[in-house]
Amino acid sequence: MNKTHNIGIFSLVAASALLSACSTFQATPAAPEPAPAVVSSVTEEPPVVTAKMATARAQLSQMVALQDRLYRIAAPLLINNADLCRTQARNLLGFTAKNKYSYSGEFVDAAEAVLNYGDRLEVASVLSGSGAARGGLRKGDALIAANGKVLPVGANAETLAAGILGPLASSSQSLDLTVSRNGATQQLKVPVTRACAFKIDIGNADNVNAYSDGQRVMITRGMVNFAQSDEAIAYVLAKDIAHNVLGHAATTKQAYTIGSIIDNLVAARPDVSMLIGTAGVKPMPQDLDAAADYLSLYMVARAGYKVDGARAFWQRLATQYPASVLNGYTANHPAVAHRLTVVDKTVTEIRNKQAAKRPLIP
């Protein structure tokens, strides 16, 4: 997909000078013609890509691929469960936007080289089934204006644009977006989508864990690699979405601690020394964990995923990464036997409702 980052397209044009000479007839022999001028062209050398830059580009490619996968898996969980998310449901546009300044250090170069990002915000992902998807918004569209308001560019564009788009989405049923696509300006009407308003992030760490701070859900790279299948990843995402819905970070007074971990691990190069020991995270109480398991399985089923494999996944996770593995999922959620009992009962309950064609309401 070709990506356009600015309203105008800048071209580098090489101009050549044409030299002409007039000769006058003379009786004496004409002076020899001067040798043709040699016109040299200077070819600009490509920028040197250092080993550090090459590593950053590879890392960014991996990060973006994982984030896109999480966003795709999370889409039905967020949209199909809006009525279960209670006060956390919002009118959303259903897309994310970034520019090169969404990253720092050598990752700015990587964002330019790998993602073709520039100063202008560009659609990074579109939530499947959202108003943005229905309105025709595409990954790579450059954002120019919303309801006639010019959207910012530059270093603080992401934050400033959120301050414009958020109120517009909450107060209307659709937005008129002006975007640039393949060099042409287009007008799109983007309906809002009622969905659970939780940010979904990939954590750049290899510990097998997931975190929720009441507003966000983060699943680590290590957990994605362990889970492997989309369905298994959905179990993990739904469990932490359920913790957020039920307010467990606030109940256990861990919102700040877990929020700090999320802030750290979403960075391109996190400080993994923060994960030494328990990282300050207290084990989730048994009753709260069981309540999140119950709600999460309904969310999984309502999103169109199968619940049958939930027990086997959580059992495999607890076996391979027991509570003795610090900063692993089971260390933070140690009541495995009780949780599996609740999972079994909930799966049976959901199957019976599905067979009777009854609403999947917990």
Side-chain angles (χ1 to χ4, degrees), residues 1-13 60-61 63-65 67-68 70-72 74-76 78-79 82 89-104 107-201:
M1 182 189 301
N2 293 327
K3 299 182 177 181
T4 304
H5 304 274
N6 298 290
I7 299 176
I9 300 176
F10 296 93
S11 300
L12 179 63
V13 180
L60 185 61
S61 295
M63 286 164 50
V64 170
Q67 184 66 60
D68 285 348
L70 285 190
Y71 213 56
R72 174 176 55 78
L78 298 174
I79 294 174
R90 300 282 188 279
N91 286 341
L92 306 176
L93 291 172
F95 70 90
T96 61
K98 296 183 180 296
N99 64 8
K100 67 179 182 180
Y101 297 108
S102 299
Y103 304 90
S104 61
F107 289 95
V108 174
D109 160 79
E112 290 182 290
V114 175
L115 306 174
N116 294 329
Y117 284 171
D119 288 347
R120 184 170 293 282
L121 285 172
E122 187 172 303
V123 175
S125 55
V126 178
L127 200 66
S128 179
S130 67
R134 296 196 305 274
L137 197 66
R138 298 181 190 173
K139 183 175 181 176
D141 285 346
L143 301 181
I144 297 175
N147 283 12
K149 295 184 178 180
V150 176
L151 293 173
V153 298
N156 296 316
E158 196 173 343
T159 300
L160 294 173
I164 295 173
L165 294 171
L168 290 176
S170 64
S171 62
S172 57
Q173 293 302 307
S174 65
L175 264 71
D176 294 321
L177 283 182
T178 305
V179 303
S180 180
R181 179 186 299 167
N182 298 330
T185 300
Q186 297 196 23
Q187 304 292 330
L188 301 176
K189 184 171 285 296
V190 176
V192 298
T193 303
R194 195 72 176 171
C196 302
F198 300 122
K199 188 177 181 183
I200 308 295
D201 281 314

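Residue numbers run from 1 in the order of the sequence given.
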For Glu158, all residues meeting side chain to side chain donor-acceptor pair (under 3.5 Å), sequence neighbours excluded: Ser102

query: Atom OG in Ser130, atom CD1 in Ile79: separation rounded to 0.5 Å?
result: 5.5 Å

If you look only at distance, which donor and acceptor atoms sit under 3.5 Å apart when one is on a side chain in residues 167-175 and the other is two or more places apart or in another chain?
residue : atom : partner : partner atom : Å
Ser170  : OG   : Gly166  : O            : 3.4
Ser170  : OG   : Pro167  : O            : 2.9
Ser171  : OG   : Pro167  : O            : 2.9
Ser171  : OG   : Leu168  : O            : 3.4
Ser172  : OG   : Leu168  : O            : 2.7
Ser172  : OG   : Ser174  : O            : 3.2

Verdict with reasoning, Thr193 to Arg134, per side chain to side chain contact (heavy atoms under 4.5 Å, CB included): CA-CA 10 Å; Thr193 303; Arg134 296 196 305 274; 4.2 Å; yes

message: Using every non-hydrogen atom in the two residues, find where Leu143 and Ala97 come nearest and quote the distance to one decimal.
response: CD1-CB, 3.7 Å

message: On a heavy-atom basis, which atom in Val114 and which in Ser61 lie closest, and how many Å separate them?
response: CG1-OG, 3.2 Å

- prompt: Taking the side chain from Asp141 and the backbone from Arg138, do they hold a donor-acceptor pair closer than 3.5 Å?
  reply: yes

message: Rounded at 0.5 Å granularity, tell me how far CZ in Arg194 sits from CG in Leu78.
response: 13.5 Å

- prompt: Got a second to check how far Thr159's OG1 is from Tyr101's OH, nearest 0.5 Å?
  reply: 14.5 Å

message: Do the side chains of Asp109 and Lys100 get close enough for a salt bridge, i.e. N-O under 4.0 angstrom?
response: no

- request: Dump the intermediate steps for side chain to side chain donor-acceptor pair (under 3.5 Å) on Ser125 and Thr96, then the final yes or no.
  value: CA-CA 5 Å; Ser125 55; Thr96 61; 2.6 Å; yes

task: Could you tell me whether the side chain of Ile144 reaches within less than 4.5 Å of the side chain of Val179, counting heavy atoms only?
output: no

query: Which value, rounded to the nearest 0.5 Å, describes the distance between Arg90 atom CZ and Phe198 atom CZ?
result: 8.5 Å

query: Stepwise, does the side chain to side chain contact (heavy atoms under 4.5 Å, CB included) test hold for Leu151 with Leu121?
result: CA-CA 8 Å; Leu151 293 173; Leu121 285 172; 5.6 Å; no

- request: Locate the shortest heavy-atom distance separating Gln187 from Thr178; write the atom from each residue and the value.
  value: OE1-OG1, 2.9 Å

field: Rounded distance (nearest 0.5 Å) linking atom OH of Tyr117 with atom CZ of Phe107
entry: 14.5 Å

query: Closest approach of Ala82 and Ala89, non-hydrogen atoms and distance?
result: O-CB, 3.5 Å

query: Nearest 0.5 Å, what's the CG-CD distance between Leu60 and Gln67?
result: 11.5 Å

- prompt: Given side chains that start at C-beta, do those of Asp201 and Tyr71 come closer than 4.5 Å, heavy atoms only?
  reply: no

- prompt: Are any of the side-chain heavy atoms of Ile164 and Pro152 separated by less than 4.5 Å?
  reply: yes

message: I'd like to check Leu165 versus Leu93 (side-chain heavy atoms, cut-off strictly below 4.5 Å). Are they in contact?
response: yes

query: Any sub-3.5 Å donor-acceptor pair from Asn99's side-chain atoms to Asp119's backbone N or O?
result: yes

- line: In short, Leu177 meets Ala146 closest at the heavy-atom pair CD2-CB, 3.6 Å

field: For Lys199, all residues meeting side chain to side chain donor-acceptor pair (under 3.5 Å), sequence neighbours excluded
entry: none

query: Under 4.5 Å between any side-chain heavy atoms of Lys139 and Phe95, yes or no?
result: no

task: May I ask you to test the Val192-Leu92 pair for a side-chain heavy-atom distance under 4.5 Å?
output: no

message: Looking at Asp176 and Asn147, would you say the former's side chain and the latter's main chain have a donor-acceptor pair under 3.5 Å?
response: no

- prompt: If you take all heavy atoms of Gly135 and Leu188, which pair is closest and at what distance?
  reply: O-CD2, 3.8 Å

